Amino acid sequence: MSITLPAARAASESQTLPAGAAPAPAAASAVATLESVVKRYGRTEAVRGLDLTLRRGEVVALLGPNGAGKTTAVRLLLGLISPDAGRVRVLGQDPRAARARIRIGAMLQVARVPEMLLVREHIELFRSYYPHPLPAAEVVRRAGLEGIESRRLGELSGGQRQRVLFGLALCGDPDLVFLDEPSVGMDLPSRRRLWDEVRGLAAAGKSVLLTTHYLEEADALAHRVVVLEKGRLLCEGTPAEIRQSVCGRRIRCVTRLEPDRLSALPSVTAVKRDREAVIIHAERAEEVLRRLLQEDPSLHGLEVCAAPLEDAFLALTGGDSHR
Amino acid sequence: MSTDTLAVQPNDIFRPLRILLKETQYELARLLRTRAYSLSVIGFPVMFYLLFGVANRGKPVALYLIAGYACMGVVSACLFGIGLALALERAQGWLDLKRASPMPRSAFLGAKVVSCAAFALIIVAVLVALGTSLGGIRITYAQAAALAGIALAGSIPFAAMGFLIAFLVPPNAGPGIINLIYLPLSFASGFWIPVRFLPHWLQVMAPALPTYHLAQIALAVFGFAPAGGMAVHWAVLGGFTVLMVAAAWITFERSEAKGS
């Protein structure tokens, strides 16, 4: 009989939390906001009445299925498109203002970069746009580009190109960084290194907004997760809060009790058969456990754990594909 | 060290200029290293001159073609260097990344114009060198300088046309569509053969083409076109520039509204 107690799970979680991912101060000032923003493309509304706040020193992950409005939200905050209604403010200014842009770094989804320039040439060019750029060597170090500075972009692997794009986002020593799907195509060591850098940014008081398809990434990095669906905010909270609020905890066990009986237990939200066992989602797992053990002395194979963020996400977005 | 401290002064008035220079430096490097561009844009006028100019060594044709192929160089350098390259950058998301940075738009656009003008200048220099050696013709320094000036100024209207093409053309179809625009224009405007040898209906149509006016200005340097009426030709090119810039701007704003 194996029992993974929630407390043990929480302890192991807190061990993996880096120093930089300590909860951000809630009262810190807002560095970027969307206020009731609406954006239409033709007749489709990509964003409908979205409110979003990013505070100083905070890492916020935007999650949502394709077409949820994540990239549109980032493009609005970068001033690449203007809202049809509502207000966008970045560092107290309109995001189109040059004064705002010199304090912002952006990593966007770029299908191909100009391949004929060398890595260090791209860095030098982007550094020239900013009045107080980071030293080129620092950009190379932080983005993990050592040894490939003199390679053409066309010769790099997909993951290496992503690292170059991350480096370009850092060139201006920005206070606010937007990362749109940053770790796509990166191998595991590169991804871990990127995560460390993102945590470093937050620890230095910078703010980061990232969109990602990797729920693991949101879980590992974000102080706050914002789930979007069809251009609206579905819910927001710390990764743990989201898991808890949506799925509560997950109990797996082999029991003689009928699924109907299990569903009738207090706070149970879902019951699923999983081979010889059942999986029960419950908000108050302890209460359900007491009843289960009482009613079925033969109960065995018990496991209790916090539902993964992925479950919460699928539950929230109606089980759509999370790609 | 001292240059570094200068570089970080916030009210540095030379900063936009420095960005323009850096942007131009790398735009030129990029175009030169893109062999498909540099070899074809410089190579075609050179190859044509070796075939048709040198074959008519010492004859007026050998001089006429210097002016005609110089115009061809200007137009192709701009349409491929801006139209095609920018269409790709736009479709691949690179333009968005540049726009999200504090890079001044003027530096970005200016660098592209200057780079294409530089290519046009290279083409003129190579043609003049070929003409005076293998072509067996005489070109005065004043004529060469005038042709270089025309190539530089002529780059502006066709760079503007390149911007419009960049925002209109689907990038995959880019090379084909640009050839479909540029080859008929070259033929109908007297780049290859004098307009008076063309079919009558083309002769009537030619003055409606911006390339015709560029050709008239260049041909007048060697006396193949009337020296009078230059003001009209320049005015047409100026009007064409305004039209192209406005159309490119509107197209760009529209594509932005669609979010593509």
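Predicted, not measured: the structure shown is a model, and the values here were computed from it. We name chains A, B, ... by the order of the sequence lines, and we start the count at 1 in each one.
A salt bridge links A:R75 and B:D96; the closest N-O separation between the charged side-chain nitrogens and carboxylate oxygens is under 4.0 Å. A salt bridge does not link A:K70 to A:E229: none of the charged nitrogens lies less than 4.0 Å from a carboxylate oxygen. With respect to A:E146 and A:R193, a salt bridge is recorded, a charged nitrogen being found less than 4.0 Å from a carboxylate O. Classification of A:R127 and A:E124 as a salt-bridged pair fails, no side-chain N sitting under 4.0 Å from a carboxylate O. Taking 4.0 Å as the cut-off between side-chain N and carboxylate O, A:E45 and A:K39 do not count as a salt-bridged pair. Under a 4.0 Å N-O distance rule, the pair A:E138/A:R142 qualifies as a salt bridge.
Ranked by heavy-atom pairs under 4.5 Å with chain B, the list A:L125, A:L168, A:L78 is led by A:L125. Per-residue heavy-atom pair counts under 4.5 Å with chain B were compared for A:L108, A:L165, A:I104, A:T72, and the maximum is reached by A:L108.
Using a 4.5 Å cut-off between heavy atoms, A:L153 makes no contact with chain B at all. Only the side chain of A:F126 comes within less than 4.5 Å of a heavy atom in chain B; its backbone stays farther off.
A:S207 and A:E58 share no donor-acceptor pair across their side chains, judged by distance under 3.5 Å alone.
Residue pairs satisfying the salt bridge (charged side-chain N to carboxylate O under 4.0 Å, His left out) criterion with at least one member in residues 77-101 of chain A, sequence neighbours excluded, are listed as follows: A:E35-A:R87.
Listed by sequence position, B:Y26, B:A29, B:R30, B:R33, B:T34 are the residues of residues 25-42 of chain B in contact with chain A, using a 4.5 angstrom heavy-atom cutoff.
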